[in-house]
Enquirer: 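If you scroll down you'll find the structure; I have some questions about it.
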Amino acid sequence: MKHFAEDFKKIYQHERFMLILMILNLLASIILIIVSVINLNPESAIVKVGYGDIGGYRDGSWTDFLTFPLLGLIFGIFHNLIAITIFHKRGAGMTKFFLLATSALIAGSFVVLIRLLGEG
């Protein structure tokens with residue numbers, strides 16, 4: 001745990017772009033959690049929970065939507081901790097790539113969530 005604090009201090013002092021990416025990922029993840037929890041709709045017996053090219057939209061229960069808050073938690077907290085570990089072991093370049101990939105995953109989660117909510 002000691003290297004987390006030291007590495008975060010290095011990121012704060014020297015790598016402002018990386019810090020901004022970490023903060024943006026955290027904020028986008030919080031928004032993903034809030035939007036997905038607001039739209040859980042436990043009164044519905046059947047909701048659209050997935051899409052396949054062959055079968056179209058799949059029906060399921062509202063509990064299947066708990067995946068999206070879980071993804072927000074993983075992307076927001078755990079990926080930032082992983083990013084600090086990557087910074088410690090591999091440096092700034094690999095960490096920035098990892099954070100940009102996380103941003104793309106968050107954006108993809110939003111797209112899937114919005115599509116499923118639009119069909120449901």
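This structure is a prediction, so every number in the text was calculated from the model and none was measured.
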Enquirer: Which pairs, with at least one residue in residues 20-43 and sequence neighbours excluded, count as a salt bridge (charged side-chain N to carboxylate O under 4.0 Å, His left out)?
Expert: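 Not a single pair qualifies under salt bridge (charged side-chain N to carboxylate O under 4.0 Å, His left out).
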Enquirer: Rounded to the nearest 0.5 Å, what's the gap from CG on D7 to OG1 on T85? Could you check?
Expert: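 It comes to 8.0 Å.
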Enquirer: Please give the remaining members of the hydrophobic cluster of I114, linking ILVMFWY side chains under 4.5 Å, ordered by chain and number.
Expert: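 Direct or chained contacts put I114 with none.
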Enquirer: Enumerate the salt bridge (charged side-chain N to carboxylate O under 4.0 Å, His left out) contacts for residues 11-34, please, sequence neighbours excluded, ordered by first and then second residue.
Expert: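 Pairs touching residues 11-34 that pass the test: E15-K96.
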Enquirer: With rounding to the nearest 0.5 Å, note down the distance linking CG in L113 to CZ in F68.
Expert: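 So the gap between those two atoms works out to 5.0 Å.
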Enquirer: Using the rule that Ile, Leu, Val, Met, Phe, Trp and Tyr join whenever any side-chain heavy atoms are under 4.5 Å apart, tell me whether L24 and F110 fall into a single cluster.
Expert: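 No; F110 is not reachable from L24 via cluster members.
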Enquirer: Taking only residues two or more places apart in sequence or in another chain, which ones pass salt bridge (charged side-chain N to carboxylate O under 4.0 Å, His left out) with D64?
Expert: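 With neighbours one apart ignored, the set is empty.
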Enquirer: Checking one residue: I30. Which other hydrophobic residues are in its cluster under the side-chain 4.5 Å linking rule?
Expert: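 Under the 4.5 Å side-chain rule, I30 groups with L26, I34, I38.
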Enquirer: Using the rule given for side-chain contact (heavy atoms from CB on, under 4.5 Å), can you reason through F4 versus H88, listing the C-alpha separation, both sets of side-chain angles and the distance that settles it, and then say yes or no?
Expert: CA-CA 8 Å; F4 277 116; H88 180 73; over 6 Å; no
Enquirer: Give, for atom CZ of F97 and atom OG1 of T102, the distance between the pair rounded to the nearest 0.5 Å.
Expert: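 OG1 of T102 is found 10.0 Å from CZ of F97.
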Enquirer: For the atom pair CG (L117) and CG (N39), what is the distance rounded to the nearest 0.5 Å?
Expert: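 Interatomic distance, L117 CG to N39 CG, rounded to 0.5 Å: 4.5 Å.
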Enquirer: Is there a side-chain contact (heavy atoms from CB on, under 4.5 Å) between I106 and S29 once you walk through the steps?
Expert: CA-CA 7 Å; I106 294 171; S29 297; 3.4 Å; yes
Enquirer: Work out which heavy atom in V37 is nearest to a heavy atom in P69; give both atom names and the distance.
Expert: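 Nearest pair, atom of V37 first, then P69: CG2-CG, 3.9 Å.
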Enquirer: What heavy-atom pair brings T63 and S61 nearest, and what distance separates the two atoms?
Expert: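 Here T63 and S61 meet closest at OG1-OG, 2.8 Å.
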Enquirer: Measuring from F17:CZ to T95:OG1, what's the distance to the nearest 0.5 Å?
Expert: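 With rounding to 0.5 Å, CZ (F17) is 12.0 Å from OG1 (T95).
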Enquirer: Quick check: closest heavy atoms across L32 and S109, and the distance to 0.1 Å?
Expert: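 The answer is CD2-CB, 4.0 Å.
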Enquirer: Taking the six-membered ring for Trp, are H79 and F98 closer than 6.0 Å centroid to centroid?
Expert: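 When the ring centroids of H79 and F98 are compared, they turn out to be within the sub-6.0 Å range.
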Enquirer: Return the NZ to CZ distance between K48 and F65, rounded to the nearest 0.5 Å.
Expert: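 Answer rounded to 0.5 Å: 10.5 Å.
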Enquirer: Would you please name every residue forming a side chain to side chain contact (heavy atoms under 4.5 Å, CB included) with L70, sequence neighbours left out?
Expert: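 Listed in chain order: I74.
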Enquirer: With the 4.5 Å side-chain cut-off for hydrophobic clustering, are I20 and I31 part of the same group?
Expert: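 Shared cluster, no.
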Enquirer: Do the side chain of N25 and the main chain of L99 share a donor and acceptor less than 3.5 angstrom apart?
Expert: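 The answer is yes, because a donor-acceptor pair under 3.5 Å joins these two groups.
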Enquirer: Does the side-chain contact (heavy atoms from CB on, under 4.5 Å) test come out yes or no for L21 and L100, once each step is laid out?
Expert: CA-CA 7 Å; L21 282 175; L100 289 172; 3.8 Å; yes
Enquirer: Quick check on the hydrophobic clustering: are Y51 and L71 connected, directly or via other members, by side-chain heavy-atom contacts under 4.5 Å?
Expert: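 Same cluster: Y51 reaches L71 through Ile, Leu, Val, Met, Phe, Trp or Tyr contacts under 4.5 Å.
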Enquirer: Please lay out, stage by stage, how I84 and M22 fare under the test side-chain contact (heavy atoms from CB on, under 4.5 Å).
Expert: CA-CA 10 Å; I84 294 172; M22 291 173 73; 3.8 Å; yes
